[in-house]
Colleague: 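Attaching a single structure in structure tokens format; questions to follow.
Basis for what follows: all heavy atoms, side chains included, without hydrogens, waters or symmetry-related copies. Numbers restart at 1 for each chain; the letters A, B, ... are given by sequence-line order, proteins then strands.
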Protein chains: 2
Amino acid sequence: MGEGARSVTAKVLAMLEAFTPATPDLSLSELARRAGVSLPTAHRRAAELVAWGALERGADGRYRIGLRLWEVAALAPRGLGLRDVAMPFLEDLYEVTHENVQLAVREGLELVFVERIAGRHAVPVLTRVGGRFALHATGVGLVLLAHAPAEVQEQALAAPLHAYTPKTITDPDRLRELLAAVRRNGYAVSDGQVTLDALSVAAPIRGADGAVVAAVSLVVRADTAEPIALAPLVQAAARGISRMLAPRLDGR
Amino acid sequence: MGEGARSVTAKVLAMLEAFTPATPDLSLSELARRAGVSLPTAHRRAAELVAWGALERGADGRYRIGLRLWEVAALAPRGLGLRDVAMPFLEDLYEVTHENVQLAVREGLELVFVERIAGRHAVPVLTRVGGRFALHATGVGLVLLAHAPAEVQEQALAAPLHAYTPKTITDPDRLRELLAAVRRNGYAVSDGQVTLDALSVAAPIRGADGAVVAAVSLVVRADTAEPIALAPLVQAAARGISRMLAPRLDGR
DNA sequence: CCGCACATTCCATTCACCGGAACGGGGGAC
DNA sequence: GTCCCCCGTTCCGGTGAATGGAATGTGCGG
């Protein structure tokens with residue numbers, strides 16, 4: 001049993017982790033409970049974090065993630081670093097199509113959205129910048145999975161695959177074929193596999209060493225005529241971003 | 001004498017702080033030196049941070065800010081929270097003008113850029129998302145300063161004011177007049193006060209309680225004809241964003 | 001082959017951190 | 001009005017996590 005005492009660092013990180021999209025602000029007690037630390041400990045740690053700027057206290061005394069943490073996080077090469085390079089191309093894509101444009105990278109067995117341009121008149125999508133999602137359903141996910149190391153692919157396919165809609169492909173063998181097709185075609189299409197009314201077309205972005213480091217996608221209404229016609233657009237953007245990528249985005 | 005021992009939390013934060021825009025990746029020794037901790041300590045702390053995802057190690061063994069930290073930081077209400085609300089309006093502004101669009105908030109006596117859309121054909125600007133800047137020169141800075149608490153204004157004007165160009169206003173009294181004009185007009189113009197070839201027009205964004213929480217600006221070439229004609233555009237965007245702002249953006 | 005710089009591991013000491021408990025204060029029930 | 005409950009803050013003595021010096025490992029240039 002027990003809790004072998006955790007390091008201070010782990011506790012600090014647990015306190016940051018306690019904040020979620022659903023609960024962006026927490027009282028001290030909530031914070032302590034979620035982080036699994038005693039109340040006095042939470043109080044001391046939180047005070048230090050506030051002094052530094054990693055947390056902020058609202059007028060109501062509740063804690064939130066502070067701007068200072070965002071400033072530091074902005075230095076993540078696969079976060080804003082990637083975003084800065086990609087933005088002009090995403091802009092162009094948006095301006096031509098006025099559809100949702102998304103940029104994502106793989107983190108472990110999930111993907112993380114790094115940027116998203118959501119036209120007010122485009123299909124509403126439920127994703128959020130900084131949010132995670134499974135790899136086997138979205139267009140960007142399929143691209144990232146198709147070009148992931150074999151070992152990652154196996155792990156991802158071995159895990160239970162959630163069926164977001166009846167059209168979500170959850171059979172490992174069918175997915176394997178699909179991934180092969182994605183590699184062959186140079187783009188992925190996800191039709192109604194996340195929500196029935198949306199369809200996405202995605203293409204891979206390569207780093208200086210040729211490895212796939214990210215993916216772009218366009219998300220349109222499922223009844224869009226000739227969605228495949230979008231593939232060249234998305235691929236062009238992906239190639240443009242790939243060309244701009246500095247050698248140091250190789251990452252892990 | 002000297003160094004009263006710092007808390008573990010402070011050391012962890014110092015290690016994050018060691019990363020700067022100029023040096024986004026560090027070796028362990030550099031990290032230890034910058035954070036002011038011994039090498040074994042840096043090694044242990046860094047290992048924990050990597051395990052959690054706050055840091056990442058490149059193929060070269062150097063440390064970088066990790067994607068996980070970016071995910072958490074994305075929850076900062078004045079960071080991505082604000083950005084998500086503002087983005088469609090910034091989009092519109094960009095699409096109409098194809099000039100640089102910037103979104104910033106005040107943090108202490110400086111401003112932090114939260115978002116920036118830089119057209120490839122627009123004036124190159126030296127700002128960076130997540131970067132800081134003084135309040136007394138840029139358009140957004142003047143807006144944020146003009147609507148800051150009196151005490152903040154005094155502190156900002158009392159500090160040495162850097163003259164980025166010959167046109168930068170560094171006289172406190174002239175600045176006071178300028179800030180009054182900004183409040184009166186509802187927008188600010190900074191003409192060549194940051195770089196001689198750029199001019200910016202900025203407007204205030206208000207939270208639910210009416211307080212100014214952020215500012216938008218358009219940055220154009222200094223020789224643009226009738227720059228003041230841009231003010232209504234910027235103000236319209238600012239008003240649009242203000243209307244969308246959730247009550248909880250009140251912040252500190 | 002040696003030397004240097006950096007990264008990693010080991011270990012005994014110690015001091016920063018910990019949680020129980022006590023204190024303060026705001027707000028709702030009655 | 002009073003009581004009570006919950007949340008935040010402060011206090012204090014015991015203890016184990018963190019620490020830095022030193023030793024070991026590793027890669028590179030001379």
Side-chain angles (χ1 to χ4, degrees), chain A residues 1-20 23-66 209 247-248 250-252, chain B residues 1-20 22-66 247-248 250-252:
Chain A
M1 29 231 48
E3 331 303 296
R6 285 178 305 164
S7 72
V8 175
T9 308
K11 291 180 189 174
V12 170
L13 295 174
M15 286 181 59
L16 295 181
E17 209 171 13
F19 294 88
T20 66
T23 58
D25 62 342
L26 299 171
S27 71
L28 184 62
S29 325
E30 290 167 338
L31 185 51
R33 187 161 1 97
R34 287 179 183 250
V37 301
S38 73
L39 212 138
T41 299
H43 183 254
R44 279 185 299 255
R45 292 286 80 82
E48 283 186 284
L49 290 170
V50 168
W52 189 80
L55 297 183
E56 291 177 348
R57 303 197 70 167
D60 49 3
R62 298 171 71 81
Y63 293 88
R64 306 170 188 179
I65 298 289
D209 58 355
R248 79 183 34 114
D250 47 15
R252 50 130 111 276
Chain B
M1 24 214 71
E3 327 308 301
R6 285 178 305 163
S7 73
V8 177
T9 307
K11 290 181 188 176
V12 170
L13 294 174
M15 285 181 59
L16 295 180
E17 208 171 14
F19 293 87
T20 66
T23 59
D25 62 343
L26 299 172
S27 72
L28 183 62
S29 325
E30 289 167 339
L31 185 51
R33 186 159 4 95
R34 286 178 184 250
V37 302
S38 74
L39 213 137
T41 297
H43 183 255
R44 279 186 300 256
R45 293 284 81 79
E48 284 187 284
L49 291 171
V50 168
W52 188 80
L55 296 182
E56 292 177 347
R57 305 197 68 168
D60 49 4
R62 296 171 72 80
Y63 292 88
R64 307 169 189 181
I65 298 290
R248 79 182 35 110
D250 47 15
R252 47 121 123 277

Colleague: Report yes if at least one side-chain N or O of B/H43 is closer than 4.0 Å to OP1 or OP2 of C/dA7; otherwise report no.
Modeller: no
Colleague: Roughly how far, to the nearest 0.5 Å, is the OG atom of B/S38 from the NE2 atom of B/H43?
Modeller: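 Between atom NE2 of B/H43 and atom OG of B/S38 there are 11.5 Å.
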Colleague: Could you work out which one of D/dG8, D/dA17, C/dA7 sits closest to the side chain of A/L39?
Modeller: D/dG8
Colleague: Please state how far atom CZ in B/R62 lies from atom P in C/dC6, giving the value in whole angstrom units.
Modeller: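 That distance rounds to 11 Å.
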Colleague: Which angle, to the nearest 10 degrees, lies between the helix axes at the two ends of the helix from C/dC1-D/dG30 to C/dC30-D/dG1, each defined by five pairs?
Modeller: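 The two end axes of the helix from C/dC1-D/dG30 to C/dC30-D/dG1 meet at 40°.
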Colleague: Could you list the residues that satisfy side-chain contact (heavy atoms from CB on, under 4.5 Å) with B/V8, not counting sequence neighbours?
Modeller: A/V8, A/T9, B/V12, B/R45
Colleague: Of the options D/dG8, D/dT19, C/dT8, whose atoms approach the side-chain atoms of B/R45 most closely?
Modeller: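 Nearest to the side chain of B/R45 among the choices is D/dT19.
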Colleague: Counting heavy atoms from C-beta on, name the nucleotide in C/dC18, C/dT8, D/dA18 closest to the side chain of A/R44.
Modeller: C/dC18
Colleague: Could you tell me the separation between the CD atom of A/E30 and the P atom of D/dC7, rounded to a whole number of Å?
Modeller: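 About 9 Å, once rounded to whole Å.
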Colleague: At what distance, to the nearest 0.5 angstrom, does CG of B/L26 lie from CZ of B/R62?
Modeller: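 Taking CG in B/L26 and CZ in B/R62, the distance rounds to 6.5 Å.
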Colleague: More 5' along DNA chain D: A/V8 or A/P40, using each one's nearest nucleotide?
Modeller: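 Its nucleotide being nearer the 5' end, the pick is A/P40.
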Colleague: Rounded to the nearest 0.5 Å, what's the gap from CD on A/E30 to CG on A/D25? Could you check?
Modeller: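 Output value for this atom pair is 8.0 Å.
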Colleague: Would you say D/dG16 has OP1 or OP2 under 4.0 Å from some side-chain N or O of A/R6?
Modeller: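 No, A/R6 has no side-chain N/O under 4.0 Å of OP1/OP2 on D/dG16.
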Colleague: Could you state the atom-to-atom distance from CG of A/L28 to P of C/dG26 in whole Å?
Modeller: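 Between P of C/dG26 and CG of A/L28: 17 Å.
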Colleague: Round to the nearest Å and state the distance from B/L26 atom CG to C/dA5 atom P.
Modeller: 20 Å
Colleague: Between A/R33 and B/S38, which has a closest nucleotide on DNA chain D that is more 5'?
Modeller: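 Its nucleotide being nearer the 5' end, the pick is A/R33.
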Colleague: When rounded to the nearest 0.5 angstrom, what is the spacing between NZ in B/K11 and CZ in B/R6?
Modeller: 6.5 Å
Colleague: Which nucleotide in the set C/dA7, C/dC18, D/dT9 lies at the smallest distance from any side-chain heavy atom of A/T41?
Modeller: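 Shortest atom-to-atom distance from the side chain points to C/dC18.
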Colleague: Looking at CG of B/L31 and OG1 of B/T23, how far apart are the two atoms once the value is rounded to the nearest 0.5 Å?
Modeller: 10.0 Å
Colleague: Identify which nucleotide among D/dG20, C/dC18, C/dA7 has an atom closest to any side-chain atom of A/K11, counting heavy atoms from C-beta outward.
Modeller: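 Of all the options, the side chain of A/K11 is nearest to C/dC18.
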Colleague: For B/R33, which residues count as a side chain to side chain donor-acceptor pair (under 3.5 Å) partner, sequence neighbours excluded?
Modeller: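 Checked B/R33 against side chain to side chain donor-acceptor pair (under 3.5 Å); zero matches.
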Colleague: Return the value, rounded to whole Å, for the distance between atom CG of B/L31 and atom P of C/dA5.
Modeller: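 In whole Å, C/dA5 P and B/L31 CG are 20 Å from each other.
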